[in-house]
Amino acid sequence: MQAVDNLSENNPATETAAVPYQTPASFGIKSWAEEDRPREKLMQKGRAALSDAELLAILLGSGTAKLSAVDVAKLVLSAAQNDLNALARFSLKELMRQKGIGEAKAITIMAALELGRRRKEADAPARTTITCSRDIYRVVQPHLQDLPHEEFWVVLLNRANVVMRTVSISRGGVAGTVADPKLIFKEALEQLASSVILVHNHPSGNRNPSAADIALTRKLKDAGQFLDLPILDHLIYTDAGYFSFADEGML
């Protein structure tokens, strides 16, 4: 695209009338209408009226010289793909990499998200205890049923073999997916899990493990022993049934 010619070149009237754009002297939250400021908006309209960014801005308290607290909050949320669950998995260092977030603000965010997690946990019904491979199959079935492609998941357990969380590690094509050991054990360590169950699906319906499945299981088992995070089972899921490495004596 060619640049537009200067319209004022042959038009003195236009040249004298042109006024350069000036940045407003004040663009912070204090310059907003009172009903649009996060704290005032919460008091007037209730907490449900606020966006995630506005709620986060209240926690931050302030922005930077060029960004309001809401602007900083939007950048932080954007780094987590606007997913609060993803944001809750950010480490202190990851939060501090975001523009406008220092140590104190990062700690405030982490504390608020942890309170939310504990409330959710306290309100949750009794969680599933894994006693056999059939229990694993039931836990992952809602995630893997009817999928036309492969996905790799992990089920994280506490010391009582109660499911703490099911986590998606990767997704691929019809023929396979990549399971990165670093991501698997990162999730387990961050959640302070006591043991791990590996799960992936075979869209073809073939329950038998491939040579790559067997090699990966051995690799992850060895890594888990080193980290004191035992791999209790590796389940190959199909809609019609499953294959359990533990049941077949392959762990």
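Worth saying up front: this structure is predicted, and the values here are computed from it rather than measured.
- Note: Tyr137 and Tyr242 meet the aromatic proximity criterion, with ring centroids under 6.0 Å apart.
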Could you list the donor-acceptor pairs under 3.5 angstrom formed between side-chain atoms of residues 83-90 and any protein atom two or more places apart in sequence or on another chain?
from  : atom 1 : to    : atom 2 : distance (Å)
Asp83 : OD1    : Asn85 : N      : 2.8
Asp83 : OD1    : Ala86 : N      : 3.4

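- Under a hydrophobic clustering in which Ile, Leu, Val, Met, Phe, Trp and Tyr are joined whenever their side-chain heavy atoms come within less than 4.5 Å, directly or via other members, Phe226 and Leu183 fall into the same cluster.
- Glu190 pairs by the salt bridge (Lys or Arg N to Asp or Glu O under 4.0 Å) definition with Lys186, not counting sequence neighbours.
- Side-chain contact check for Asn82 versus Asp52: every heavy-atom pair is 4.5 Å or farther apart.
- Smallest separation of non-hydrogen atoms from Val72 and Gly63: CG2-CA, 4.0 Å.
- Remark: Leu157 CG to Thr129 OG1 distance equals 9.0 Å, nearest 0.5 Å.
- A salt bridge (charged side-chain N to carboxylate O under 4.0 Å, His left out) check over residues 131-147, counting only residues at least two apart or in different chains, returns the pairs Asp135-Arg138.
- With sequence neighbours left out, the side-chain contact (heavy atoms from CB on, under 4.5 Å) criterion links Gln81 to no other residue.
- At a threshold of 4.5 Å between non-hydrogen side-chain atoms, the residues Leu156 and Val196 count as touching.
- Counting only heavy atoms from C-beta outward, the side chains of Glu151 and Ser170 never approach each other to under 4.5 Å.
- Of all heavy-atom pairs between Ile236 and His202, the closest is CG2-ND1, 3.5 Å.
- The shortest distance between side-chain heavy atoms of Ser195 and Asn161 falls below 4.5 Å.
- Side-chain atoms of Pro181 and Lys219, non-hydrogen and from C-beta on, do get closer than 4.5 Å to each other.
- Without hydrogens or angle criteria, Asn201 side chain to His149 main chain gives a donor-acceptor distance under 3.5 Å.
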Side-chain polar contacts of residues 92-112 - donor-acceptor pairs under 3.5 angstrom, sequence neighbours left out - could you list them?
from   : atom 1 : to     : atom 2 : distance (Å)
Glu94  : OE1    : Ser91  : N      : 2.7
Glu94  : OE1    : Ser91  : OG     : 3.4
Gln98  : NE2    : Glu94  : O      : 3.0
Lys105 : NZ     : Ser62  : O      : 2.8
Lys105 : NZ     : Ser62  : OG     : 3.2
Thr108 : OG1    : Ala104 : O      : 3.0

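- Shown here for Phe185 and Gly224, the closest heavy-atom pair between the two residues is CZ-N, 3.6 Å.
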For residues 228-235, tabulate all N or O donor-acceptor pairs below 3.5 Å that involve a side-chain atom, not counting sequence neighbours.
from   : atom 1 : to     : atom 2 : distance (Å)
Asp233 : OD1    : Ser244 : OG     : 3.2
Asp233 : OD1    : Phe245 : N      : 3.2
Asp233 : OD1    : Ala246 : N      : 2.9
Asp233 : OD2    : Ser244 : OG     : 2.7
His234 : ND1    : Thr217 : OG1    : 2.7
His234 : NE2    : His200 : ND1    : 2.9

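- Scanning both residues, Glu187 and Ile169, for their nearest heavy atoms gives CG-CD1, 4.3 Å.
- Side-chain contact between Thr166 and Val154: absent, with no pair of heavy atoms (C-beta onward) separated by less than 4.5 Å.
- Across every non-hydrogen atom of Tyr237 and Gln141, the tightest pair is OH-CG, 3.4 Å.
- Nearest heavy atoms, Pro38 versus Ala57: CG-CB, 4.4 Å.
- Contact check for Ile58 versus Leu60: no side-chain heavy atoms found under the 4.5 Å cut-off.
- The residues Glu54 and Lys41 are annotated as salt-bridged, a charged nitrogen and a carboxylate oxygen being separated by less than 4.0 angstrom.
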